[in-house]
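Chain letters run A, B, ... following the sequence lines, proteins first, then strands; residues in each count from 1. All figures in this text were calculated on a predicted structure; none of them were measured in a lab.
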Number of protein chains: 2
Amino acid sequence: MEYIPIAIVDDHTLMSKALENMIMEDAKYKVVMNNANGEDFIQALSNANELPQVVLMDINMPYKNGIETTQWLSERFPEIKVIALTMEDDEQVIIKMLKAGAKGYLLKDMQPYLFFQAIENVINKGSFYTDFVTQKLLKIKIEDMKSSSIISELKEREKEFIKWACSELTYKEIADKMCLSPKTVDGYRDAVFIKLEVKSRVGLVLFALKYGLE
Amino acid sequence: MEYIPIAIVDDHTLMSKALENMIMEDAKYKVVMNNANGEDFIQALSNANELPQVVLMDINMPYKNGIETTQWLSERFPEIKVIALTMEDDEQVIIKMLKAGAKGYLLKDMQPYLFFQAIENVINKGSFYTDFVTQKLLKIKIEDMKSSSIISELKEREKEFIKWACSELTYKEIADKMCLSPKTVDGYRDAVFIKLEVKSRVGLVLFALKYGLE
DNA sequence: TTAAAAAACAGGATTTTTCCCCTTTTAGAA
DNA sequence: TTCTAAAAGGGGAAAAATCCTGTTTTTTAA
(Lines give C-alpha, C1' and ligand atoms only; values in the text may rest on other atoms or scores of the structure.)
Protein backbone atom coordinates (compact mmCIF):
# COMPACT_ATOMS: atom_id res chain seq x y z
CA MET A 1 0.00 0.00 0.00
CA GLU A 2 1.46 3.28 -1.03
CA TYR A 3 -0.40 5.35 1.55
CA ILE A 4 -2.36 4.97 4.76
CA PRO A 5 -6.10 5.57 4.21
CA ILE A 6 -7.62 7.67 6.97
CA ALA A 7 -11.20 8.60 7.84
CA ILE A 8 -12.29 11.66 9.81
CA VAL A 9 -15.59 11.71 11.70
CA ASP A 10 -16.21 15.09 13.24
CA ASP A 11 -19.11 17.52 13.15
CA HIS A 12 -16.80 20.52 13.52
CA THR A 13 -16.69 20.96 9.79
CA LEU A 14 -14.20 23.79 9.79
CA MET A 15 -11.78 21.84 11.91
CA SER A 16 -12.17 18.57 10.09
CA LYS A 17 -11.56 20.19 6.70
CA ALA A 18 -8.51 21.94 8.05
CA LEU A 19 -7.28 18.71 9.59
CA GLU A 20 -7.82 16.89 6.33
CA ASN A 21 -5.71 19.46 4.53
CA MET A 22 -2.94 19.08 7.05
CA ILE A 23 -2.91 15.31 6.74
CA MET A 24 -2.98 15.45 2.96
CA GLU A 25 0.21 17.46 2.92
CA ASP A 26 2.08 14.29 3.74
CA ALA A 27 1.79 11.89 0.79
CA LYS A 28 2.18 9.06 3.26
CA TYR A 29 -1.42 9.57 4.34
CA LYS A 30 -4.66 10.05 2.49
CA VAL A 31 -8.01 11.10 3.87
CA VAL A 32 -10.42 8.81 2.09
CA MET A 33 -13.52 9.69 4.12
CA ASN A 34 -14.65 12.78 5.99
CA ASN A 35 -18.06 12.67 7.66
CA ALA A 36 -19.85 14.96 10.08
CA ASN A 37 -21.34 12.27 12.32
CA GLY A 38 -21.47 8.56 13.03
CA GLU A 39 -24.64 8.04 11.06
CA ASP A 40 -23.16 9.53 7.89
CA PHE A 41 -19.91 7.68 8.42
CA ILE A 42 -21.53 4.26 8.73
CA GLN A 43 -23.64 4.99 5.69
CA ALA A 44 -20.61 6.07 3.68
CA LEU A 45 -18.57 3.09 4.84
CA SER A 46 -20.90 0.60 3.17
CA ASN A 47 -20.49 2.42 -0.15
CA ALA A 48 -16.77 3.02 0.15
CA ASN A 49 -14.50 1.44 -2.43
CA GLU A 50 -11.58 1.80 -0.04
CA LEU A 51 -11.78 1.14 3.69
CA PRO A 52 -9.87 3.42 6.06
CA GLN A 53 -7.13 1.90 8.15
CA VAL A 54 -7.44 4.54 10.84
CA VAL A 55 -10.48 6.54 11.91
CA LEU A 56 -10.10 9.85 13.73
CA MET A 57 -13.27 10.02 15.76
CA ASP A 58 -14.81 12.96 17.55
CA ILE A 59 -17.09 12.13 20.50
CA ASN A 60 -19.77 14.77 20.75
CA MET A 61 -21.73 14.50 17.55
CA PRO A 62 -25.38 14.60 16.60
CA TYR A 63 -27.30 11.49 15.40
CA LYS A 64 -24.66 8.97 16.41
CA ASN A 65 -21.91 9.94 18.80
CA GLY A 66 -18.32 8.76 18.81
CA ILE A 67 -18.81 6.16 21.50
CA GLU A 68 -21.70 4.43 19.76
CA THR A 69 -20.00 4.64 16.39
CA THR A 70 -16.77 3.20 17.78
CA GLN A 71 -18.69 0.35 19.36
CA TRP A 72 -20.39 -0.41 16.05
CA LEU A 73 -17.11 -0.24 14.19
CA SER A 74 -15.24 -2.47 16.67
CA GLU A 75 -17.80 -5.21 16.21
CA ARG A 76 -17.99 -5.17 12.42
CA PHE A 77 -14.58 -3.90 11.36
CA PRO A 78 -12.15 -4.80 14.14
CA GLU A 79 -9.23 -4.29 11.76
CA ILE A 80 -10.03 -0.58 11.49
CA LYS A 81 -8.29 1.32 14.29
CA VAL A 82 -10.20 4.13 15.97
CA ILE A 83 -8.39 7.08 17.49
CA ALA A 84 -10.53 9.41 19.58
CA LEU A 85 -9.78 13.01 18.69
CA THR A 86 -11.74 15.33 20.91
CA MET A 87 -11.81 18.15 23.43
CA GLU A 88 -13.62 15.95 25.90
CA ASP A 89 -11.33 15.41 28.87
CA ASP A 90 -13.90 13.98 31.25
CA GLU A 91 -12.65 10.80 32.87
CA GLN A 92 -15.90 8.93 32.42
CA VAL A 93 -16.02 9.76 28.72
CA ILE A 94 -12.44 8.57 28.18
CA ILE A 95 -13.25 5.28 29.85
CA LYS A 96 -16.38 4.79 27.78
CA MET A 97 -14.51 5.53 24.58
CA LEU A 98 -11.68 3.13 25.38
CA LYS A 99 -14.19 0.48 26.42
CA ALA A 100 -15.96 0.97 23.08
CA GLY A 101 -12.72 -0.03 21.39
CA ALA A 102 -10.72 3.14 20.70
CA LYS A 103 -7.01 2.40 20.33
CA GLY A 104 -5.89 5.92 21.09
CA TYR A 105 -7.19 9.05 22.75
CA LEU A 106 -5.95 12.42 21.55
CA LEU A 107 -6.92 15.89 22.69
CA LYS A 108 -7.23 18.55 20.06
CA ASP A 109 -4.63 20.70 21.77
CA MET A 110 -1.80 18.29 21.06
CA GLN A 111 1.30 18.97 19.00
CA PRO A 112 1.00 17.94 15.32
CA TYR A 113 4.16 15.81 15.46
CA LEU A 114 2.59 13.75 18.25
CA PHE A 115 -0.49 13.36 16.14
CA PHE A 116 1.35 11.63 13.30
CA GLN A 117 3.26 9.60 15.82
CA ALA A 118 -0.04 8.41 17.23
CA ILE A 119 -1.23 7.24 13.83
CA GLU A 120 2.01 5.33 13.25
CA ASN A 121 1.88 3.75 16.69
CA VAL A 122 -1.70 2.64 16.34
CA ILE A 123 -0.91 0.97 13.03
CA ASN A 124 2.39 -0.61 14.07
CA LYS A 125 1.85 -1.37 17.74
CA GLY A 126 -1.92 -1.48 17.87
CA SER A 127 -2.44 1.40 20.28
CA PHE A 128 -1.24 4.80 21.45
CA TYR A 129 -1.94 6.23 24.87
CA THR A 130 -0.58 9.57 25.97
CA ASP A 131 0.55 10.30 29.50
CA PHE A 132 -2.55 12.42 29.76
CA VAL A 133 -4.85 9.47 29.40
CA THR A 134 -2.81 7.46 31.84
CA GLN A 135 -2.96 10.27 34.36
CA LYS A 136 -6.68 10.57 33.95
CA LEU A 137 -7.29 6.88 34.39
CA LEU A 138 -5.10 6.94 37.46
CA LYS A 139 -7.06 9.86 38.82
CA ILE A 140 -10.27 7.93 38.53
CA LYS A 141 -8.77 5.06 40.46
CA ILE A 142 -7.74 7.15 43.41
CA GLU A 143 -10.36 9.87 43.47
CA ASP A 144 -13.61 8.63 42.02
CA MET A 145 -13.30 5.06 43.19
CA LYS A 146 -15.17 5.77 46.37
CA SER A 147 -18.11 7.61 44.82
CA SER A 148 -18.43 5.20 41.92
CA SER A 149 -18.40 2.24 44.28
CA ILE A 150 -21.04 3.98 46.33
CA ILE A 151 -23.14 4.56 43.24
CA SER A 152 -22.68 1.02 41.98
CA GLU A 153 -24.14 -0.43 45.16
CA LEU A 154 -27.35 1.53 44.70
CA LYS A 155 -30.27 -0.55 43.52
CA GLU A 156 -32.39 0.55 40.59
CA ARG A 157 -35.37 1.44 42.73
CA GLU A 158 -33.12 3.48 45.00
CA LYS A 159 -31.75 5.43 42.07
CA GLU A 160 -35.30 6.11 40.99
CA PHE A 161 -36.08 7.35 44.48
CA ILE A 162 -33.04 9.66 44.33
CA LYS A 163 -34.31 11.23 41.14
CA TRP A 164 -37.66 11.95 42.78
CA ALA A 165 -35.92 13.25 45.90
CA CYS A 166 -34.23 15.87 43.73
CA SER A 167 -37.51 17.76 43.48
CA GLU A 168 -39.85 19.70 45.68
CA LEU A 169 -42.11 16.70 46.20
CA THR A 170 -42.67 15.48 49.75
CA TYR A 171 -41.94 11.86 50.54
CA LYS A 172 -45.68 11.20 50.58
CA GLU A 173 -45.91 12.54 47.03
CA ILE A 174 -42.85 10.57 45.98
CA ALA A 175 -44.55 7.42 47.33
CA ASP A 176 -47.51 8.17 45.05
CA LYS A 177 -45.23 8.68 42.05
CA MET A 178 -43.44 5.40 42.74
CA CYS A 179 -46.66 3.58 43.62
CA LEU A 180 -45.37 2.66 47.05
CA SER A 181 -46.42 3.17 50.64
CA PRO A 182 -44.88 6.23 52.28
CA LYS A 183 -43.29 3.88 54.75
CA THR A 184 -41.48 2.04 52.00
CA VAL A 185 -40.14 5.32 50.74
CA ASP A 186 -38.99 5.97 54.30
CA GLY A 187 -37.03 2.76 54.01
CA TYR A 188 -35.43 3.80 50.73
CA ARG A 189 -34.43 7.09 52.25
CA ASP A 190 -32.82 5.42 55.25
CA ALA A 191 -30.90 3.01 53.02
CA VAL A 192 -29.75 5.72 50.64
CA PHE A 193 -28.67 8.01 53.49
CA ILE A 194 -26.42 5.28 54.82
CA LYS A 195 -24.99 4.34 51.42
CA LEU A 196 -24.28 7.91 50.34
CA GLU A 197 -23.15 8.86 53.85
CA VAL A 198 -25.43 11.88 54.01
CA LYS A 199 -27.43 13.21 56.92
CA SER A 200 -30.34 14.94 55.21
CA ARG A 201 -32.32 15.19 52.02
CA VAL A 202 -30.29 18.27 51.11
CA GLY A 203 -27.13 16.20 51.41
CA LEU A 204 -28.71 13.60 49.17
CA VAL A 205 -29.58 16.20 46.54
CA LEU A 206 -26.08 17.66 46.71
CA PHE A 207 -24.57 14.22 46.14
CA ALA A 208 -26.95 13.42 43.29
CA LEU A 209 -26.19 16.65 41.46
CA LYS A 210 -22.46 16.25 41.93
CA TYR A 211 -22.43 12.79 40.40
CA GLY A 212 -25.20 13.22 37.84
CA LEU A 213 -27.76 11.01 39.53
CA GLU A 214 -30.60 13.49 39.22
CA MET B 1 -2.11 45.58 1.08
CA GLU B 2 -1.74 42.46 -0.95
CA TYR B 3 -3.11 40.12 1.73
CA ILE B 4 -5.09 40.19 4.97
CA PRO B 5 -2.87 39.45 7.98
CA ILE B 6 -4.55 37.10 10.43
CA ALA B 7 -3.66 35.94 13.93
CA ILE B 8 -4.78 32.71 15.56
CA VAL B 9 -4.95 32.37 19.36
CA ASP B 10 -5.90 28.86 20.34
CA ASP B 11 -4.40 26.30 22.69
CA HIS B 12 -5.64 23.41 20.57
CA THR B 13 -2.37 23.25 18.75
CA LEU B 14 -3.35 20.57 16.31
CA MET B 15 -6.45 22.44 15.27
CA SER B 16 -4.81 25.82 15.05
CA LYS B 17 -2.01 24.48 12.85
CA ALA B 18 -4.51 22.79 10.59
CA LEU B 19 -6.60 25.95 10.48
CA GLU B 20 -3.52 27.96 9.63
CA ASN B 21 -2.77 25.64 6.74
CA MET B 22 -6.28 25.96 5.44
CA ILE B 23 -6.18 29.74 5.57
CA MET B 24 -2.78 29.85 3.92
CA GLU B 25 -4.11 28.01 0.90
CA ASP B 26 -5.83 31.21 -0.13
CA ALA B 27 -3.18 33.77 -1.03
CA LYS B 28 -5.66 36.45 -0.06
CA TYR B 29 -4.95 35.68 3.60
CA LYS B 30 -1.82 35.17 5.59
CA VAL B 31 -1.48 33.88 9.12
CA VAL B 32 1.12 36.17 10.62
CA MET B 33 0.76 35.00 14.23
CA ASN B 34 -0.26 31.74 15.85
CA ASN B 35 -0.21 31.56 19.65
CA ALA B 36 -1.43 29.03 22.16
CA ASN B 37 -2.84 31.48 24.69
CA GLY B 38 -3.56 35.13 25.40
CA GLU B 39 -0.38 35.63 27.37
CA ASP B 40 1.81 34.43 24.51
CA PHE B 41 -0.21 36.40 22.00
CA ILE B 42 0.11 39.70 23.84
CA GLN B 43 3.80 39.08 24.27
CA ALA B 44 4.27 38.30 20.59
CA LEU B 45 2.18 41.28 19.53
CA SER B 46 4.62 43.75 21.04
CA ASN B 47 7.47 42.21 19.04
CA ALA B 48 5.52 41.76 15.84
CA ASN B 49 6.70 43.62 12.75
CA GLU B 50 3.26 43.22 11.21
CA LEU B 51 0.01 43.63 13.13
CA PRO B 52 -2.87 41.28 12.33
CA GLN B 53 -6.04 42.78 10.96
CA VAL B 54 -8.19 39.96 12.25
CA VAL B 55 -7.68 37.75 15.30
CA LEU B 56 -9.34 34.34 15.52
CA MET B 57 -9.68 33.89 19.27
CA ASP B 58 -10.46 30.76 21.23
CA ILE B 59 -12.06 31.28 24.65
CA ASN B 60 -10.96 28.49 26.93
CA MET B 61 -7.23 28.89 27.22
CA PRO B 62 -4.71 28.68 30.03
CA TYR B 63 -2.88 31.74 31.42
CA LYS B 64 -5.08 34.34 29.74
CA ASN B 65 -8.43 33.34 28.31
CA GLY B 66 -10.13 34.69 25.22
CA ILE B 67 -12.40 37.08 27.07
CA GLU B 68 -9.59 38.78 28.98
CA THR B 69 -7.39 38.88 25.92
CA THR B 70 -10.14 40.38 23.78
CA GLN B 71 -10.77 43.01 26.43
CA TRP B 72 -7.08 43.92 26.49
CA LEU B 73 -6.93 44.04 22.71
CA SER B 74 -10.07 46.17 22.34
CA GLU B 75 -8.60 48.81 24.62
CA ARG B 76 -5.14 49.02 23.09
CA PHE B 77 -5.71 47.99 19.47
CA PRO B 78 -9.33 48.81 18.64
CA GLU B 79 -8.53 48.60 14.93
CA ILE B 80 -7.78 44.88 15.24
CA LYS B 81 -10.99 42.87 14.82
CA VAL B 82 -11.49 39.87 17.06
CA ILE B 83 -13.57 36.92 15.93
CA ALA B 84 -14.36 34.36 18.61
CA LEU B 85 -13.77 30.85 17.28
CA THR B 86 -14.76 28.31 19.86
CA MET B 87 -16.87 25.33 20.85
CA GLU B 88 -18.32 27.26 23.75
CA ASP B 89 -22.03 27.71 23.11
CA ASP B 90 -23.01 28.86 26.57
CA GLU B 91 -25.13 32.00 26.46
CA GLN B 92 -23.31 33.74 29.27
CA VAL B 93 -19.94 33.14 27.62
CA ILE B 94 -21.15 34.53 24.30
CA ILE B 95 -22.38 37.67 26.02
CA LYS B 96 -19.12 38.14 27.89
CA MET B 97 -17.12 37.70 24.72
CA LEU B 98 -19.20 40.17 22.75
CA LYS B 99 -19.08 42.63 25.64
CA ALA B 100 -15.30 42.28 25.64
CA GLY B 101 -15.32 43.53 22.06
CA ALA B 102 -15.50 40.53 19.75
CA LYS B 103 -16.90 41.46 16.33
CA GLY B 104 -17.97 37.96 15.43
CA TYR B 105 -18.72 34.66 17.11
CA LEU B 106 -18.09 31.42 15.22
CA LEU B 107 -18.52 27.85 16.35
CA LYS B 108 -15.93 25.36 15.22
CA ASP B 109 -18.52 23.20 13.53
CA MET B 110 -19.29 25.79 10.87
CA GLN B 111 -18.85 25.42 7.13
CA PRO B 112 -15.50 26.69 5.79
CA TYR B 113 -17.15 28.97 3.22
CA LEU B 114 -19.00 30.75 6.01
CA PHE B 115 -15.74 31.13 7.85
CA PHE B 116 -14.12 33.14 5.04
CA GLN B 117 -17.33 35.06 4.64
CA ALA B 118 -17.12 36.00 8.31
CA ILE B 119 -13.58 37.34 7.91
CA GLU B 120 -14.62 39.42 4.91
CA ASN B 121 -17.68 40.79 6.69
CA VAL B 122 -15.77 41.73 9.80
CA ILE B 123 -13.25 43.66 7.72
CA ASN B 124 -15.74 45.30 5.36
CA LYS B 125 -18.79 45.80 7.57
CA GLY B 126 -17.18 45.71 11.00
CA SER B 127 -18.98 42.67 12.33
CA PHE B 128 -20.45 39.26 11.55
CA TYR B 129 -23.10 37.59 13.63
CA THR B 130 -24.59 34.24 12.69
CA ASP B 131 -28.20 33.36 13.26
CA PHE B 132 -26.95 31.07 15.96
CA VAL B 133 -25.66 33.93 18.06
CA THR B 134 -28.83 35.92 17.50
CA GLN B 135 -30.90 32.94 18.59
CA LYS B 136 -28.82 32.48 21.69
CA LEU B 137 -29.03 36.11 22.69
CA LEU B 138 -32.76 36.02 22.13
CA LYS B 139 -33.01 32.95 24.29
CA ILE B 140 -31.29 34.72 27.14
CA LYS B 141 -33.71 37.60 26.89
CA ILE B 142 -36.77 35.46 27.22
CA GLU B 143 -35.52 32.63 29.38
CA ASP B 144 -32.78 33.83 31.69
CA MET B 145 -34.16 37.29 32.24
CA LYS B 146 -36.46 36.01 34.91
CA SER B 147 -33.86 34.14 36.90
CA SER B 148 -31.29 36.91 36.69
CA SER B 149 -33.84 39.47 37.86
CA ILE B 150 -34.74 37.12 40.68
CA ILE B 151 -31.12 36.81 41.68
CA SER B 152 -30.52 40.53 41.48
CA GLU B 153 -33.24 41.24 44.02
CA LEU B 154 -31.59 39.01 46.60
CA LYS B 155 -29.84 40.88 49.37
CA GLU B 156 -26.28 40.01 50.38
CA ARG B 157 -27.31 38.41 53.65
CA GLU B 158 -29.87 36.32 51.81
CA LYS B 159 -27.27 35.09 49.34
CA GLU B 160 -25.09 34.16 52.28
CA PHE B 161 -27.99 32.25 53.79
CA ILE B 162 -28.49 30.41 50.50
CA LYS B 163 -24.88 29.25 50.51
CA TRP B 164 -25.32 27.83 54.01
CA ALA B 165 -28.63 26.26 53.04
CA CYS B 166 -26.75 24.28 50.38
CA SER B 167 -25.30 22.07 53.08
CA GLU B 168 -26.43 19.50 55.59
CA LEU B 169 -26.62 22.05 58.36
CA THR B 170 -29.97 22.57 60.08
CA TYR B 171 -31.37 26.08 60.26
CA LYS B 172 -30.36 26.23 63.90
CA GLU B 173 -26.77 25.47 62.91
CA ILE B 174 -26.94 27.98 60.07
CA ALA B 175 -28.09 30.59 62.59
CA ASP B 176 -24.96 29.87 64.62
CA LYS B 177 -22.75 30.18 61.53
CA MET B 178 -24.36 33.49 60.60
CA CYS B 179 -24.44 34.72 64.20
CA LEU B 180 -28.20 35.21 64.09
CA SER B 181 -31.20 33.98 66.01
CA PRO B 182 -32.84 30.90 64.49
CA LYS B 183 -35.95 32.98 64.07
CA THR B 184 -34.12 35.48 61.92
CA VAL B 185 -32.91 32.66 59.73
CA ASP B 186 -36.54 31.58 59.53
CA GLY B 187 -37.26 35.00 58.16
CA TYR B 188 -34.52 34.75 55.55
CA ARG B 189 -35.86 31.41 54.46
CA ASP B 190 -39.38 32.73 54.07
CA ALA B 191 -38.17 35.71 52.06
CA VAL B 192 -35.92 33.60 49.83
CA PHE B 193 -38.65 31.01 49.22
CA ILE B 194 -40.95 33.73 47.95
CA LYS B 195 -38.29 35.41 45.79
CA LEU B 196 -37.03 32.19 44.21
CA GLU B 197 -40.56 30.81 43.96
CA VAL B 198 -39.64 27.54 45.65
CA LYS B 199 -41.61 25.50 48.13
CA SER B 200 -38.91 23.73 50.10
CA ARG B 201 -35.25 23.78 51.02
CA VAL B 202 -34.62 21.17 48.32
CA GLY B 203 -36.13 23.55 45.76
CA LEU B 204 -33.86 26.27 47.08
CA VAL B 205 -30.79 24.06 46.72
CA LEU B 206 -31.83 23.05 43.20
CA PHE B 207 -32.20 26.70 42.21
CA ALA B 208 -28.89 27.67 43.80
CA LEU B 209 -26.98 24.93 42.01
CA LYS B 210 -28.60 25.69 38.69
CA TYR B 211 -27.61 29.33 38.82
CA GLY B 212 -24.30 29.00 40.63
CA LEU B 213 -25.39 30.56 43.91
CA GLU B 214 -23.92 27.83 46.08
C1' DT C 1 -39.91 -27.40 48.36
C1' DT C 2 -37.82 -24.60 51.54
C1' DA C 3 -34.62 -21.50 53.69
C1' DA C 4 -32.54 -17.11 53.08
C1' DA C 5 -32.47 -12.61 51.17
C1' DA C 6 -34.56 -8.65 49.42
C1' DA C 7 -38.42 -5.59 49.05
C1' DA C 8 -42.40 -3.55 51.01
C1' DC C 9 -44.66 -1.89 54.90
C1' DA C 10 -45.82 -0.11 59.72
C1' DG C 11 -46.06 2.19 64.60
C1' DG C 12 -44.40 5.58 67.11
C1' DA C 13 -41.37 9.21 68.73
C1' DT C 14 -38.39 13.15 67.99
C1' DT C 15 -36.51 16.71 65.35
C1' DT C 16 -36.69 19.85 61.71
C1' DT C 17 -39.10 22.44 58.51
C1' DT C 18 -42.61 25.36 57.11
C1' DC C 19 -46.02 28.84 57.76
C1' DC C 20 -48.70 31.90 59.98
C1' DC C 21 -48.86 36.69 62.35
C1' DC C 22 -46.45 39.79 65.42
C1' DT C 23 -42.72 42.91 68.11
C1' DT C 24 -38.27 45.07 68.75
C1' DT C 25 -34.08 47.06 67.13
C1' DT C 26 -31.28 49.46 63.87
C1' DA C 27 -30.03 52.55 60.16
C1' DG C 28 -30.88 56.12 57.15
C1' DA C 29 -33.55 59.99 55.21
C1' DA C 30 -36.40 64.07 55.87
C1' DT D 1 -34.80 64.83 66.00
C1' DT D 2 -38.29 62.07 64.19
C1' DC D 3 -40.27 59.21 60.84
C1' DT D 4 -39.83 55.14 58.19
C1' DA D 5 -38.11 51.12 56.15
C1' DA D 6 -35.19 47.33 56.69
C1' DA D 7 -33.18 43.95 59.61
C1' DA D 8 -33.63 41.03 63.46
C1' DG D 9 -36.21 38.42 66.59
C1' DG D 10 -40.30 35.78 68.39
C1' DG D 11 -44.73 32.44 69.61
C1' DG D 12 -47.05 28.84 68.28
C1' DA D 13 -48.85 25.22 65.36
C1' DA D 14 -49.09 22.14 61.48
C1' DA D 15 -46.52 19.52 58.19
C1' DA D 16 -42.59 17.06 56.86
C1' DA D 17 -38.46 14.73 57.76
C1' DT D 18 -35.73 11.74 60.46
C1' DC D 19 -34.83 7.75 63.25
C1' DC D 20 -35.85 3.97 65.75
C1' DT D 21 -37.66 -0.99 65.97
C1' DG D 22 -40.11 -4.05 64.16
C1' DT D 23 -43.52 -7.38 60.57
C1' DT D 24 -45.18 -9.15 56.16
C1' DT D 25 -44.63 -10.25 51.41
C1' DT D 26 -42.06 -11.45 47.42
C1' DT D 27 -37.91 -13.29 45.10
C1' DT D 28 -34.18 -16.05 44.73
C1' DA D 29 -31.27 -19.80 45.19
C1' DA D 30 -30.14 -24.22 47.02
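At C:dA10, one or more side-chain N or O atoms of A:Ser181 fall inside 4.0 Å of OP1 or OP2 (strictly under the cut-off). Proximity of A:Lys183 to the phosphate of C:dG11: no side-chain N or O atom is located under 4.0 Å from OP1 or OP2. In this structure, A:Lys199 does not reach the D:dT18 phosphate: none of its side-chain N or O atoms is under 4.0 Å from OP1 or OP2.
The distance between atom NZ of A:Lys195 and atom C1' of C:dA7, rounded to the nearest whole Å, is 12 Å. Here the C1' atom of nucleotide C:dC9 and the CG atom of A:Leu180 are 10 Å apart, to the nearest Å. A straight line from CZ of B:Arg189 to P of D:dA15 spans 16 Å, rounded to a whole angstrom. Whole-Å rounding puts the B:Leu154 CG to D:dA7 C1' distance at 16 Å. Taking atom CZ on A:Phe193 and atom P on C:dT16, their separation rounds to 13 Å, with Å as the unit. The distance from atom CG of A:Asp190 to atom P of C:dA13 is 18 Å, rounded to the nearest whole Å. C:dA7 atom C1' lies 11 Å from atom CE of A:Met178, rounded to whole Å. With rounding to whole Å, A:Ile194 atom CD1 is found 15 Å from C:dA6 atom P.
Legend: residues meeting salt bridge (Lys or Arg N to Asp or Glu O under 4.0 Å) with A:Lys195, ordered by chain and number and at least two apart, are A:Glu158.
Surrounding CD of B:Glu120 are more than 12 heavy atoms belonging to other residues, nucleotides or ligands, all under 6.0 Å away. The neighbour count for B:Lys172 NZ, taken as heavy atoms of other residues, nucleotides or ligands under 6.0 Å away, does not exceed 12. The 12-atom threshold is exceeded at NZ of A:Lys159, counting heavy atoms of other residues, nucleotides or ligands nearer than 6.0 Å.
Ranking D:dT18, C:dA7, C:dT18 by closeness to the A:Arg201 side chain, first place goes to D:dT18. Out of C:dC19, D:dC20, D:dA17, the shortest distance to the side chain of B:Asp186 is found at C:dC19.
Side chains of A:Met33 and A:Val55 form no contact here, defined as non-hydrogen atoms less than 4.5 Å apart. Using a 4.5 Å heavy-atom cutoff, the side chains of B:Phe193 and B:Leu204 are in contact.
For DNA chain D, none of the residues of residues 158-176 of chain B falls under the heavy-atom distance limit of 4.0 Å.
Because its NZ or CZ atom is not both nearer than 6.0 Å to the ring centre of A:Phe161 and within 45° of the ring axis, A:Arg189 does not count as a cation-pi partner of that residue.
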